[in-house]
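The structure under discussion appears below in the form of structure tokens.
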Amino acid sequence: MNNKVLVPDYIFESSWEVCNKVGGIYTVLSSRAKTLQERFGDNIIFIGPDFWQEQESPYFLEDKTLFAEWQWEAKEQGINVRVGRWTIPGKPIAILVDFKPYFEKKNEIYTWLWHQYQVDSLHAYGDYDDSSMFSYAAALVVESMYNYLMEKQKMNGEALAFAFESKDDYPASTAKPMKVIYHANEWMCGLGALYIKEKLPQIATIFTTHATSIGRSIAGNQKPLYDYLFAYNGDQMAGELNMESKHSIEKQTAWNVDCFTTVSDITAHECEELLDKPVDVVLPNGFDDSFVPKTAAFGRKRKLARRKMLEVANALLGEQLDDDTLIVSTSGRYEFRNKGIDVFIESMNRLLRDRDLKKKVLAFIEVPGWVGEPRQDLKERLSAMPPRVWDAPLEVPMITHWLHNMGHDNVLNMMKFYDMHNRKEDKVKVIFLPCYLDGKDGILNLSYYDMVLGNDLCIYPSYYEPWGYTPLEAIAFKVPCITTDLAGFGLWVNKEFGHAGEIADGVKVIHRTDYNYSEVADIIKDTVSYYSGLTEKDVEKCRKAAGSLSKKALWSHFIKYYYEAYDIALSKAEKRLQEAEQ
């Protein structure tokens, strides 16, 4: 029995979010890259979609000298790529591929996919075609580069052989086939993984689902996911919720790759029930703390963030909230129920009437909506010279940017339903910040990381959350947070502590089910109220505990699970080649 752990020579990793900041997967890949690069150097290569032909990408720096010979070969083969560096810690190599030319072959590709793997692309809609064509293009990039690297190795080997008088003296190690990994993230990259399996069986394939498409859809459609998970049939639910194509590619990829993975124990259970396939390894999401400012800069940035948040609130509300205000927030994708945005608003509404609340509360909802433009009236107040103290609120003092769908927005409608209008006498003020915090939003002009460290508490009462980067990011910036045990991160916290996390531990983990929405809202209200009465010393203890816990979730601790996945995939590929040779 061979107990030797196999290590890849090259890793190709594809995702829709390589050099394309959309959501949590961007954070997974961009924060992990440096840790992998420290071990594999430039032999870890990321592949993403090229949206930037007309303008410069803020996340990518082209370098025509990288694999210059192969770039020319790819062009000859009709593959349009740009090679460069992803502008993240470690600056790994990234290849951006233009996938649009493959749309003319779409029907042919889908027909092949059906015949080979019974993937149902007939019911495709929305982003399915774009994702599939990118996935196909990414696989062509890997195929082309693999053949190029093998040819290079062969030529080098032949050149080396001339230096030896007989074949017996020639070192066998130079003739060994390369150990190559293709790692596909999410259903969007499934087609490419299946193509690689079919065309290049010597390449080991890994597939990571960061959330099952059908699980997310069940939760997002107000259906109880967890109590009935054992009874749901994934294929049947895909038909009912019009998710056949995404579910089909995801399921077939999970079944056909060498190593199937996901990001948490809770999603592993979901995969087993809805995709009928247990995962081979759980790959928890770590964090790279190089994003966190060092001690001197940390205090300065925290003060700046708080000052800016209070300035915006005071201009919008016509108030004079001071630094003693308790600043809380929730953030993430605009999935109203899944991310627990509804519970957050509910808890803030209940907090309005809480007699034990010791401080004024300023609550931000930071989720990108269908944003129109920054409010001109708010900008004028913020830029007034000399700075003024405002004593009257602006119209609609709950939002910083106008939306295209003001009358149909879930956040505004729920606040309106509860008559939450940030009145002078209200001790709790809720402000909706409906834009990406990229430092150029026109109102706050702070990046997300520069803003998060200004909070006193962050609240993420998720209903559907395979992992949960936002709470992990919060504690990395020493901000205690509240989450639930329906989030992979919340379960990990409980496992680390050996008990349900409390706010004194840095993370309060609330038990959440399909049906205890009201109880969760009450616990959040009570926790914020309790936190408002803590002494400075107790607050500092909570903050320190949060920071210490985040150190246990660094990539340096979690990367071992990736090495395990690489070994599993390479072992299966090796066995497949040996069987083919017999």
Side-chain angles (χ1 to χ4, degrees), residues 10-20 22 25 29 45-53 70-71 73-83 94-149 180-210 213 244-258 260:
Y10 280 90
I11 302 163
F12 295 96
E13 184 160 5
S14 71
S15 168
W16 187 255
E17 298 191 35
V18 167
C19 301
N20 179 34
V22 178
I25 297 171
L29 273 60
I45 297 166
F46 292 93
I47 305 169
D50 194 355
F51 298 117
W52 306 95
Q53 288 114 334
W70 172 75
Q71 286 195 52
E73 279 191 20
K75 192 175 181 182
E76 289 288 299
Q77 293 162 4
I79 305 170
N80 301 324
V81 294
R82 289 195 297 147
V83 183
I95 299 173
L96 301 188
V97 59
D98 178 13
F99 57 88
K100 292 183 185 66
Y102 302 103
F103 272 90
E104 62 186 40
K105 290 177 64 179
K106 183 183 75 171
N107 292 340
E108 182 186 326
I109 294 165
Y110 287 164
T111 302
W112 170 83
L113 201 56
W114 169 254
H115 286 309
Q116 289 299 124
Y117 295 103
Q118 285 72 58
V119 171
D120 171 13
S121 302
L122 195 63
H123 298 89
Y125 64 93
D127 54 351
Y128 185 87
D129 289 343
D130 277 359
S131 301
S132 297
M133 293 309 102
F134 158 64
S135 185
Y136 178 75
L140 294 184
V141 167
V142 174
E143 181 181 39
S144 172
M145 184 171 263
Y146 176 82
N147 291 333
Y148 165 79
L149 291 169
V180 178
I181 292 279
Y182 180 64
H183 188 166
N185 287 278
E186 285 287 74
W187 66 265
M188 291 92 122
C189 294
L191 193 157
L194 295 178
Y195 178 93
I196 295 290
K197 175 185 165 62
E198 186 70 23
K199 304 289 185 181
L200 295 160
Q202 63 272 43
I203 292 181
T205 51
I206 298 175
F207 175 53
T208 300
T209 181
H210 295 258
S213 57
E244 293 103 323
S245 294
K246 290 179 183 180
H247 172 70
S248 180
I249 186 70
E250 185 174 57
K251 184 174 180 177
Q252 293 307 315
T253 308
W255 272 88
N256 283 285
V257 291
D258 294 312
F260 174 43

Testing the 3.5 Å rule here: is there a donor-acceptor pair between the side chains of [X] and [Y]?
{"X": "Thr209", "Y": "Glu250", "result": "yes"}
{"X": "Trp70", "Y": "Ser144", "result": "yes"}
{"X": "Glu198", "Y": "Tyr117", "result": "yes"}

In short, Pro49 meets Phe134 closest at the heavy-atom pair N-CE1, 3.4 Å
Pair up each side-chain donor or acceptor in residues 100-107 with any protein partner under 3.5 Å, not counting sequence neighbours, and list the distances.
unit_1: Lys105; atom_1: NZ; unit_2: Tyr136; atom_2: OH; d: 3.0
unit_1: Lys106; atom_1: NZ; unit_2: Asp129; atom_2: OD2; d: 3.3

Within the distance-only criterion (no hydrogens, no angle test), does the side chain of [X] pair as donor or acceptor with the backbone N or O of [Y] below 3.5 angstrom?
{"X": "Ser131", "Y": "Met188", "value": "no"}
{"X": "Glu186", "Y": "His210", "value": "yes"}
{"X": "Asn185", "Y": "Ser14", "value": "yes"}
{"X": "Ser135", "Y": "Gly192", "value": "yes"}

Once rounded to the nearest 0.5 Å, what's the spacing between atom [atom1] of [X] and atom [atom2] of [Y]?
{"X": "Phe99", "Y": "Ile79", "atom1": "CZ", "atom2": "CD1", "value": "15.5 Å"}
{"X": "Phe51", "Y": "Cys19", "atom1": "CZ", "atom2": "SG", "value": "11.0 Å"}
{"X": "Lys197", "Y": "Gln116", "atom1": "NZ", "atom2": "CD", "value": "10.5 Å"}
{"X": "Glu73", "Y": "Tyr148", "atom1": "CD", "atom2": "OH", "value": "6.5 Å"}

Run through Ile196, Leu200, Asp258 and flag the one making a side-chain contact (heavy atoms from CB on, under 4.5 Å) with Tyr182.
Ile196
Given Ile95, which of Ile45, Asp50, Val18 fulfils the side-chain contact (heavy atoms from CB on, under 4.5 Å) condition?
Ile45
State, yes or no, whether a side-chain contact exists between [X] and [Y] at a heavy-atom distance under 4.5 Å.
{"X": "Leu29", "Y": "Glu17", "result": "no"}
{"X": "Val97", "Y": "Asn80", "result": "no"}
{"X": "Tyr128", "Y": "Tyr110", "result": "yes"}
{"X": "Ile181", "Y": "Phe12", "result": "no"}
{"X": "Thr253", "Y": "Leu191", "result": "no"}
{"X": "Leu140", "Y": "Tyr195", "result": "yes"}
{"X": "Ile109", "Y": "Met133", "result": "yes"}
{"X": "Trp114", "Y": "Ser121", "result": "no"}

Run Lys246 and Asp127 through salt bridge (charged side-chain N to carboxylate O under 4.0 Å, His left out) and show every step you take.
CA-CA 10 Å; Lys246 290 179 183 180; Asp127 54 351; 2.9 Å; yes
Please assess Gln252 against Gln118 for the test side chain to side chain donor-acceptor pair (under 3.5 Å), listing each intermediate value before the final yes or no.
CA-CA 8 Å; Gln252 293 307 315; Gln118 285 72 58; over 6 Å; no
Check for me whether the distance between the ring centres of Trp187 and Phe207 falls short of 6.0 Å.
no
For Ser248, enumerate each residue passing the side-chain contact (heavy atoms from CB on, under 4.5 Å) test, keeping only those at least two apart in sequence or located in another chain.
Val119, Asp120
Side chain to side chain contact (heavy atoms under 4.5 Å, CB included) assessment of Leu194 paired with Ile249
CA-CA 9 Å; Leu194 295 178; Ile249 186 70; 3.9 Å; yes
